[in-house]
Undergrad: 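For reference, the structure I am asking about is given below.
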Amino acid sequence: MIKLEGVQKYFGDLHVLKDIELTVTSGEKLVIIGPSGSGKSTLIRCMNLLEHPSAGKITVDGVEITSPKAPVTKVRQSVAMVFQQFNLYPHKTVLENLTLAPIMVKKVPAKEAVESGLYFLERVGLSDKANVYPSQLSGGQQQRVAIARALNMRPKIMLFDEPTSALDPEMIQEVLDVMVSLAKEGITMVVITHEMGFARQVGDRVIFMDDGYILESGTPEHFFVNPENERTKAFLSKILSARK
Amino acid sequence: MGGTSPLAWFKWQALFSDWQVFAVGFGETIIISALSLMLALAIGVLVGVLGVAQLAPARAVNRVYVEFLQNTPLVIQIFFLYHALPHIGIMLPVFAVGVLGIGCYTGAYMAEAVRAGIQAIPRGQLEAAYSQGFTFSGAMRHIILPQAKRVSFPPMTNQVVNLIKNTSVMAMVAGGDLMYHADSWASTTLHYAPAYVVTGLLYLSLCLPLATYARKLERDLEGGL
């Protein structure tokens, strides 16, 4: 579903992604962990070309998106992204946030987009908020709207860039619950998170990144029972003790 | 002339009996203002958006346009259109010279207001739009510009005030506008003072409400953030 081959990314002199080789299969739930500045956010942003890799090849759903002639906007329609800062459209109501891109970009009939929008709002437990503006919602509610907005594009792949990192602690669970219920469906998910419980519960595979490299890859069990890399061990012990 | 006040009553009487002269000029000024405002807005949005484009040549077009038009006098631009273009066979009626000259000049200021408005919108908005498959122009139209409007409107309204006042340079090329009519009436009758007082009040009647409105928009913006 997603394939990265020999991907490098530089910001000026800074080498942030180094020799990335990664394949995400259809339906897989991939969790990316690692310290801040390790390149994980840049990695996920390469998957929908919000960042262009400096070298290497990325294929998404059979399309080589790094080729100069790639239909990037077309590919992005089936690769939804949920951001750390939600990035809801503040001048639109919640329902309009969900229907804008389906109607304007995918040319879905308005009635249909509204119906499916209301369905997904119900899925995230916010049916009663359809006509309010994002600024009237809590952070957790805004992120659930952002997930519903992503879903209303009917994507094949969902990318989550630290979806709970900007939330107050008491709101993290409501967002994770929505993501867990999503994971039960066939959709391919790539999730950057520090929530180890979530990684363990839904992750098919976890990769650990540090200093631009993918240092370790394995099942959640492998990571939490016997990680091999010294830096993985140090990171995990730090993050797990911080949660206690 | 000796001994009579510049604002003597008989001069006012003469002015009021010739009121149509001022009315015609006032109407012409409003029409030129309206048309050049439309041109300025179109240029402002287009050139302003170029100023935030990813492609460097697009941004270069924005800079060259804005710097060139903002840093040369409007009078030269008008004179160029009126006196220089005929030498290469382009003979524009003076009305078109006014609309084109003032519209292009004000467009540069509008573009700066639009660019500043866009740059006030967090980067994440454009990224969210891109991630949903919007093109650059689609994202601008549906997501960025509607939000940038709030920030751009107060300075744009101030530019409308400048635009209206700047139509008075048309008088230098026999433009048929308010200033031209007032000036030609005054130099015929020699009743300069009443002519200029009335003309000034007519400009004030257009500009003061707009300036007040701009200040209200600025206050609303501060309250809203």
Side-chain angles (χ1 to χ4, degrees), chain A residues 41 44-52 60 65 71-92 96-108 113 133-135 142-143 145-147 149-155 157-162 166, chain B residues 41 44-46 48-50 52-59 113-157 216-225:
Chain A
S41 196
I44 205 172
R45 288 160 59 87
C46 280
M47 294 178 185
N48 63 353
L49 240 48
L50 283 185
E51 303 290 355
H52 287 255
V60 174
I65 60 172
V72 177
T73 55
K74 186 87 188 150
V75 172
R76 282 173 176 158
Q77 292 172 34
S78 59
V79 186
M81 184 173 244
V82 175
F83 299 85
Q84 185 175 352
Q85 300 294 341
F86 329 133
N87 295 350
L88 293 176
Y89 308 133
H91 60 304
K92 300 280 182 191
E96 286 167 350
N97 264 274
L98 268 66
T99 57
L100 185 67
I103 294 170
M104 293 300 168
V105 179
K106 286 185 79 181
K107 309 293 178 198
V108 173
Y133 285 89
S135 59
Q142 288 193 48
Q143 194 60 300
V145 170
I147 293 172
R149 176 176 72 174
L151 287 170
N152 208 27
M153 288 297 280
R154 309 296 182 111
I157 300 166
M158 296 255 301
L159 308 174
F160 292 85
D161 188 359
E162 302 207 30
Chain B
L41 287 174
V45 171
L46 197 74
V49 166
L50 287 182
V52 297
Q54 265 176 330
L55 289 172
R59 290 199 304 274
V114 170
R115 189 175 62 89
I118 293 171
Q119 283 173 339
I121 306 303
R123 175 88 198 152
Q125 289 292 308
L126 189 60
E127 292 185 346
Y130 278 158
S131 80
Q132 293 202 286
F134 278 102
T135 58
F136 177 75
S137 58
M140 281 295 148
R141 185 170 147 215
H142 295 292
I143 291 147
I144 306 300
L145 288 176
Q147 296 183 59
K149 219 164 56 180
R150 271 164 47 87
V151 181
S152 299
F153 256 25
M156 286 170 93
T157 309
K216 179 187 165 335
L217 286 176
E218 273 162 27
R219 272 200 310 273
D220 291 352
L221 188 63
E222 280 159 20
L225 285 177

Undergrad: Within the supplied structure, the quantity of interest is the number of heavy atoms (other residues, nucleotides, ligands) at a distance under 6.0 Å from Phe136(B) CZ; does it exceed 12?
TA: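 Correct, the count exceeds 12.
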Undergrad: What I'd like to find out is whether the side chain of Pro90(A) reaches to under 4.5 Å of the side chain of Gln125(B), using heavy atoms alone.
TA: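 Sidechains of Gln125(B) and Pro90(A): in contact.
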Undergrad: Below 4.5 Å from any heavy atom of chain B, which atoms of Leu159(A) appear? Answer side chain, backbone, both or neither.
TA: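 For Leu159(A), neither part sits under 4.5 Å from chain B.
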Undergrad: If I take atom CD from residue Gln77(A) and atom CZ from residue Phe134(B), how far apart are they, to the nearest 0.5 angstrom?
TA: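 With rounding to 0.5 Å, CD (Gln77(A)) is 9.5 Å from CZ (Phe134(B)).
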Undergrad: Among Lys74(A), Lys106(A), Met104(A), who wins on heavy-atom pairs under 4.5 Å with chain B?
TA: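 Highest number of heavy-atom pairs under 4.5 Å: Met104(A).
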Undergrad: For chain B, find its close neighbours in residues 44-52 of chain A: heavy-atom separation under 4.5 Å, sorted by number, or none.
TA: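 Near chain B, by residue number: Arg45(A), Asn48(A), Leu50(A).
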Undergrad: Do Leu100(A) and Ile143(B) touch side chain to side chain, with heavy atoms closer than 4.5 Å?
TA: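 SC-SC contact between Leu100(A) and Ile143(B) confirmed.
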Undergrad: Would you say that Ser131(B) contacts Arg76(A) through its side chain, given a criterion of any heavy-atom pair below 4.5 Å between the two side chains?
TA: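 Result no, sub-4.5 Å side-chain heavy-atom pair not found.
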Undergrad: Measure from the side-chain N and O atoms of Asn87(A) to the backbone N and O of Gly124(B), and report whether any donor-acceptor pair falls under 3.5 Å.
TA: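 Between the backbone of Gly124(B) and the side chain of Asn87(A) there is a qualifying donor-acceptor contact (under 3.5 Å).
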Undergrad: Is there a donor-acceptor pair closer than 3.5 Å between any side-chain N or O of His91(A) and the backbone N or O of His142(B)?
TA: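 A pair under 3.5 Å: yes.
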Undergrad: At their closest point, which heavy atom of Arg149(A) faces which heavy atom of Ala128(B), and how far apart are they?
TA: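 Smallest heavy-atom distance, with atoms named: NH2-CB, 3.7 Å.
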Undergrad: Should Gln132(B) and Tyr89(A) count as side-chain neighbours, where that means a heavy-atom distance under 4.5 Å?
TA: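 Yes, at least one pair of side-chain atoms sits under 4.5 Å.
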